[in-house]
Enquirer: 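Shown below is the structure under consideration.
Atoms within a ligand are numbered from 1 in the order they appear, just like the ligands themselves.
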Amino acid sequence: MKSLKDIPNEELFSLLKSWGQPAFRVKQLRTWLYGPRFAATYDEMTNLPATLREKLAETVAPFALKVVQRLEDPNDGTVKWLSELLDGNTIETVLIRVPHRTTVCVSTQVGCAVRCVFCASGRYGLVRDLTKAEIIDQVMLACRELGRRVDNVVVMGMGEPLMNLDALVSALDELGSPETIDLGNRHVTISTSGIVPGIRALAELRRPWNLALSLHAVNDEERARIIPTEHRYPLEEIFAACEYHRELTNRMLTLEYALIDGRNDSRSTLERLAAIARRLHAKVNLIPCNSNASNCKSPSLRRCHEALAFLEQSGVQATLRISHGQGILAACGQLKFKI
Ligand code: SAH
Ligand code: SF4
């Protein structure tokens, strides 16, 4: 069975028409789906005739996800869902709340082909791409939880977004429509491990979505130890693609950098990182590596703060990601695979 949000509008119109329904039913459906209720079942859609609701239920799934686990961090209110898709695969979605800002972190694939060594999502490789509806409904989960529209969407959950670009773009364009939740493009960030053709294709779409590059290493040799698969591109090619993205979209790049004790946190490595950030006009987001692998431990918190201070002294805008949802395994894939 298909999911409702995977059915193009025209197809939905003709389906309802073939059932003898007036054209305004599509608008009614949309209103239920995209607010203020963010409906996930036909039963909630009380102004649709019962017979129509029954027919829809037999033909199209109203929501692409079935939540099988919901965890809330009592300290910071972070919510993490493990959801089952219609084919039984599972994915994760995280809602992060800080004062005055809500952010949902969405997955784009089941598993991931890139297989970075510290990442739980990539542990078993790629299973499949998510569909447009499966991406949108993760955002809807967050809206349902909040009872209002979420402020920001970060595409930093399971999977490599630029290896599922078509579905991602359809989903983000739909969410940006005033007929759905009117999500501003500037409130969207897409994180990539550095898929060069994807970064270039994204740039050419000229949507002002923010781009984040998961850099993690300052030279190709060390990076090959972190991303040991054929999906790793040479750094110079990645940098050129990021510059192209900035030229076409005018958005500032973020470099994500997982700090790994003894591997990428020396003073000389951080100097090189600062030089790359300056060259790309990028800010840096340091992430203490959060993995059980013995060679992927985070430096002490004091050392992480020293790295942050060093970058700032070098004239680079930098942040240290304070881990939200520490108590509920919030790094991507960690709930699904329980590492
Ligand atoms: N596939 C994309 C987006 C998803 S991962 C990408 O790699 O950019 C989002 C971010 O979390 C990436 O920077 C990723 O490298 C980082 N990450 C994944 N697992 C991590 C872990 N165990 N510890 C620290 N950072 C991690
Ligand atoms: Fe894939 Fe990103 Fe995980 Fe790397 S960090 S394996 S690219 S999801």
Enquirer: For ligand 2, indicate whether the residue C112 contacts it via side chain, backbone, both or neither (heavy-atom separation under 4.0 Å).
Expert: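 Answer for C112: side chain.
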Enquirer: Is the side chain of Q138 donor-acceptor paired with the backbone N or O of S107 at a distance under 3.5 Å, no angle test?
Expert: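 Side chain of Q138 to backbone of S107: a pair is present.
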Enquirer: Verify the distance criterion only: is there a donor paired with an acceptor across the side chains of N164 and T108 at less than 3.5 Å?
Expert: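 Result is no, nothing qualifies.
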Enquirer: Does C112 reach ligand 1, in the sense of a heavy atom lying below 4.0 Å from it?
Expert: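 No; C112 lies far enough from ligand 1 that no heavy-atom distance drops under 4.0 Å.
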Enquirer: Near T192, which atoms of ligand 1 are under 4.0 Å from a heavy atom of that residue?
Expert: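 Reading through ligand 1 atom by atom, the close ones are 6 (C), 8 (O).
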Enquirer: Looking at C296 and F118, what are the two nearest heavy atoms and their distance?
Expert: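 Looking at all heavy atoms of both residues, the shortest contact is SG-CB, 4.0 Å.
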Enquirer: Any donor and acceptor pair, going by atom type alone, linking the side chain of R149 with main-chain N or O of D182 inside 3.5 Å?
Expert: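 Such a contact is found between R149 side chain and D182 backbone.
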Enquirer: Mark up the atoms of ligand 1 that fall under 4.0 Å of a heavy atom belonging to S214, in ascending order.
Expert: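 Here the atoms of ligand 1 in question are 6 (C), 7 (O), 8 (O), 12 (C), 13 (O), 15 (O).
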Enquirer: Considering the heavy atoms of G159, write down every atom of ligand 1 situated less than 4.0 Å from one of them.
Expert: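 So the answer, numbered in order with elements, is 1 (N), 2 (C), 3 (C), 4 (C).
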Enquirer: At less than 2.8 Å, would any N/O/S atom of C119, backbone or side chain, sit next to atom 3 (Fe) of ligand 2?
Expert: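 C119 does place an N, O or S atom closer than 2.8 Å to atom 3 (Fe) of ligand 2.
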Enquirer: So, R263 side chain and N295 main chain: donor-acceptor pair closer than 3.5 Å or not?
Expert: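 Yes: the side chain of R263 pairs with the backbone of N295.
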Enquirer: Any atoms of ligand 1 less than 4.0 Å from a non-hydrogen atom of E160? List them with their elements.
Expert: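 Checking each atom against E160, I get 1 (N), 2 (C).
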Enquirer: According to the interplanar angle, ranging from 0 to 90°, do the rings of H216 and Y257 count as parallel (below 30°), tilted (30 to 60°) or perpendicular (above 60°)?
Expert: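 H216 and Y257: tilted rings.
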Enquirer: Determine whether the side chain, the backbone, both or neither of E256 has a heavy atom under 4.0 Å from any heavy atom of ligand 1.
Expert: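 Within the 4.0 Å criterion, E256 contacts ligand 1 through side-chain atoms alone.
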Enquirer: Please report whether ligand 1 has a polar contact with V155, defined as an N or O pair separated by less than 3.5 Å (distance criterion only).
Expert: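 Looking only at distances, the answer is no, because the N/O contact criterion of under 3.5 Å is not met.
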Enquirer: If the test is side-chain contact (heavy atoms from CB on, under 4.5 Å), which one of I181, L141, L33, V139 qualifies with F38?
Expert: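 Among I181, L141, L33, V139, the one meeting side-chain contact (heavy atoms from CB on, under 4.5 Å) with F38 is I181.
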Enquirer: Can you check which of A120, G159, G111, G122 brings a heavy atom nearest to atom 8 (S) of ligand 2?
Expert: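 Heavy atom nearest to atom 8 (S) of ligand 2 belongs to G159.
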Enquirer: Would you kindly say whether S266 and T269 are connected by a side-chain donor-acceptor distance under 3.5 Å?
Expert: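 Side chains of S266 and T269: pair found under 3.5 Å.
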Enquirer: Heavy-atom contacts under 4.0 Å between H216 and ligand 1: side chain, backbone, both, or neither?
Expert: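 Within the 4.0 Å criterion, H216 contacts ligand 1 through side-chain atoms alone.
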Enquirer: For ligand 1, indicate whether the residue V114 contacts it via side chain, backbone, both or neither (heavy-atom separation under 4.0 Å).
Expert: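 V114 to ligand 1: no contact under 4.0 Å from either part.
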Enquirer: Mind checking whether N152 and T189 have side chains closer than 4.5 Å, heavy atoms only?
Expert: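 No. Closest side-chain heavy atoms not under 4.5 Å.
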Enquirer: Closer than 4.0 Å to some heavy atom of S193 - which atoms of ligand 2 meet that?
Expert: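 Here the atoms of ligand 2 in question are 7 (S).
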Enquirer: Is the backbone N or O of A258 less than 3.5 Å from a side-chain atom of N264, with the two atoms forming a donor-acceptor pair by type?
Expert: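 Here the side-chain-to-backbone pair exists.
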Enquirer: Return a yes/no value for R321: is any of its N or O atoms, backbone included, closer than 3.5 angstrom to an N or O of ligand 1?
Expert: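 No, there is no polar N/O contact under 3.5 Å.
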Enquirer: What atoms of ligand 1 come within less than 4.0 Å of a heavy atom belonging to C289?
Expert: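 So the answer, numbered in order with elements, is 23 (N), 24 (C).
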